[in-house]
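Here is the structure we will look at.
None of the values given here were measured: they were computed from a predicted structure. Each residue takes its place number in the sequence, starting with 1.
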Amino acid sequence: MPRARRVGLTGGIASGKSTVSARLAELGAVVIDYDRLARDVVEPGSPALDQIAARFGADVIAPDGTLVRPALGAIVFADPSALKDLEAITHPAIRDLAAAREQGAGPDAIVVHDNPLLVEMGAAAACDVVIVVDVPEQLQIDRMVRDRQMTEQDARARIAAQASREERLAVADVVIENTGTLEQLSARIDEVWKDLVEPSAR
Ligand SMILES: CC(C)(COP(=O)(O)OP(=O)(O)OC[C@H]1O[C@@H](n2cnc3c(N)ncnc32)[C@H](O)[C@@H]1O)[C@@H](O)C(=O)NCCC(=O)NCCS
Ligand SMILES: Nc1ncnc2c1ncn2[C@@H]1O[C@H](COP(=O)(O)OP(=O)(O)OP(=O)(O)O)[C@@H](O)[C@H]1O
């Protein structure tokens with residue numbers, strides 16, 4: 001197997017993707033953070049933000065012109081058709097920005113697409129290697145409630161809006177099980193990185 005260039009990194013909400021991608025960046029990967037891109041495409045003055053205001057109303061725009069993320073989140077994670085509309089507005093711009101970032105990486109770079117919706121966006125097949133960070137649902141919920149002050153109901157609504165564990169695992173080339181300590185996670189990432197840089201027979 002040739003050395004990977006485009007690596008997809010995914011996992012359910014609060015599975016530990018950002019922790020994994022931060023370590024991969026330290027090891028030398030160029031990381032494209034899709035949650036970050038999703039913020040960039042709705043900056044004040046962007047076409048996407050104008051479309052969001054037209055679809056969801058003035059209540060989701062603050063007086064300073066920025067998106068009120070909790071207000072929009074409350075709408076879309078309670079209503080699948082509203083979420084679909086939001087994604088139809090933002091995902092094309094997110095895809096374009098990701099392609100430009102990848103283009104800008106050097107020819108020898110290992111580019112990690114850190115995308116919570118890699119499976120949902122149909123982007124897994126275009127990756128050389130797909131890494132899935134996997135945790136049981138209850139651990140996702142515990143982390144969201146503990147670290148993000150979310151209610152259990154909000155946490156469950158976000159999980160319900162995403163692909164299932166099984167759907168993600170079905171496209172995984174590498175699974176990082178994140179049920180242990182941060183030290184164990186770090187050691188596992190180093191092992192995975194070694195295999196990305198110098199692939200053994202996979
Ligand atoms: C609804 C919004 C405003 C809520 O913002 P908020 O600050 O509360 O959450 P944030 O954007 O930081 O996302 C946190 C996590 O929620 C989950 N999540 C975000 N968007 C989605 C979605 N469309 N479907 C399922 N889960 C999602 C992801 O696990 C993500 O890591 C925001 O999530 C958004 O604009 N989503 C649509 C864009 C998108 O699909 N982003 C995901 C990366 S492509
Ligand atoms: N093995 C672990 N042990 C303890 N805490 C962990 C472990 N892995 C991750 N965490 C913590 O869990 C929280 C969620 O992790 P992280 O932000 O990396 O998840 P994520 O998948 O990127 O979430 P999101 O989908 O919202 O972007 C963070 O506070 C992180 O420090």
Side-chain angles (χ1 to χ4, degrees), residues 6-25 29-62 64-105 109 111-127 130-133 135 140 143-144 147-150 154-164 167-168 171:
R6 183 188 287 150
V7 177
L9 171 66
T10 194
I13 184 165
S15 58
K17 281 180 314 302
S18 307
T19 310
V20 172
S21 67
R23 178 70 189 142
L24 290 174
V30 172
V31 174
I32 302 176
D33 175 348
Y34 279 61
D35 282 336
R36 179 72 249 165
L37 299 186
R39 286 169 192 263
D40 292 347
V41 302
V42 296
E43 283 288 310
S46 63
L49 191 60
D50 292 345
Q51 290 173 51
I52 288 170
R55 165 64 178 83
F56 295 98
D59 286 355
V60 302
I61 309 295
D64 67 358
T66 58
L67 180 63
V68 186
R69 306 181 68 84
L72 185 56
I75 297 170
V76 299
F77 292 114
D79 176 358
S81 80
L83 182 60
K84 235 182 174 173
D85 290 347
L86 174 63
E87 292 179 348
I89 294 169
T90 55
H91 284 187
I94 291 170
R95 281 197 179 91
D96 287 351
L97 213 44
R101 294 278 162 86
E102 186 179 74
Q103 192 78 42
V111 180
V112 174
H113 292 254
D114 174 2
N115 182 356
L117 306 181
L118 190 81
V119 171
E120 294 86 332
M121 291 170 79
C127 297
V130 173
I131 302 174
V132 170
V133 185
V135 295
Q140 291 176 271
R143 285 185 184 153
M144 281 186 270
D147 304 331
R148 302 181 194 181
Q149 288 76 47
M150 284 170 85
D154 288 344
R156 287 190 186 280
R158 291 248 181 164
I159 290 172
Q162 302 189 337
S164 67
E167 286 169 320
R168 276 188 295 267
V171 301

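The shortest non-hydrogen separation linking Val171 to Val130 is O-CB, 3.5 Å. Closest heavy-atom contact between Ala38 and Val42: O-CG2, 3.5 Å. When all heavy atoms of Ser21 and Val31 are compared, the closest pair comes out as O-CG2, 3.6 Å.
Not a single donor-acceptor pair under 3.5 Å links the side chain of Gln140 to the backbone N or O of Ala14. Using modelled atom types, one side-chain atom of Arg143 and one backbone atom of Ser15 make a donor-acceptor pair closer than 3.5 Å. Looking at Arg101, its side chain never comes within 3.5 Å of a backbone N or O of Ile32 through a donor-acceptor pair. The backbone N or O of Met144 sits nowhere less than 3.5 Å from a side-chain atom of Arg158 that would complete a donor-acceptor pair. A distance-only check finds no donor-acceptor pair linking the side chain of Thr66 to the backbone of Ala62 [under 3.5 Å]. Within the 3.5 Å criterion, the main-chain N or O of Thr10 finds no donor-acceptor partner in the side chain of Arg168.
The only member of Ile89, Leu97, Leu49, Asp96 that meets side chain to side chain contact (heavy atoms under 4.5 Å, CB included) when paired with Val41 is Leu97.
The shortest distance between side-chain heavy atoms of Ile94 and Tyr34 falls below 4.5 Å. Arg148 is not listed as a side-chain neighbour of Asp154, based on a closest heavy-atom distance of 4.5 Å or more.
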Under 3.5 Å, side-chain donor or acceptor atoms of residues 52-61 against the rest of the protein: list the pairs with distances, not counting sequence neighbours.
| residue | atom | partner | partner atom | Å |
| --- | --- | --- | --- | --- |
| Arg55 | NE | Asp85 | OD2 | 2.6 |
| Arg55 | NH2 | Asp85 | OD2 | 2.9 |

**OP:** Quick one: do His113 and Glu102 satisfy side chain to side chain contact (heavy atoms under 4.5 Å, CB included)? Show the steps, please.
**Re:** CA-CA 9 Å; His113 292 254; Glu102 186 179 74; 2.8 Å; yes
**OP:** Under the side chain to side chain contact (heavy atoms under 4.5 Å, CB included) rule, what do Lys17 and Leu118 come out as? Steps first, then yes or no, please.
**Re:** CA-CA 12 Å; Lys17 281 180 314 302; Leu118 190 81; over 6 Å; no
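Taking CD1 from Ile13 and CG from Asp35, the interatomic distance works out to 8.0 Å, rounded to the nearest 0.5 Å. With rounding to the nearest 0.5 angstrom, the CD atom of Glu120 is 7.5 Å from the CD atom of Glu167. Taking CG of Leu9 as the start and CG of Asp114 as the end, the distance is 5.0 Å to the nearest 0.5 Å.
Of the charged side-chain nitrogens involved, at least one lies within less than 4.0 Å of a carboxylate oxygen, so that Asp40 and Arg36 count as a salt-bridged pair.
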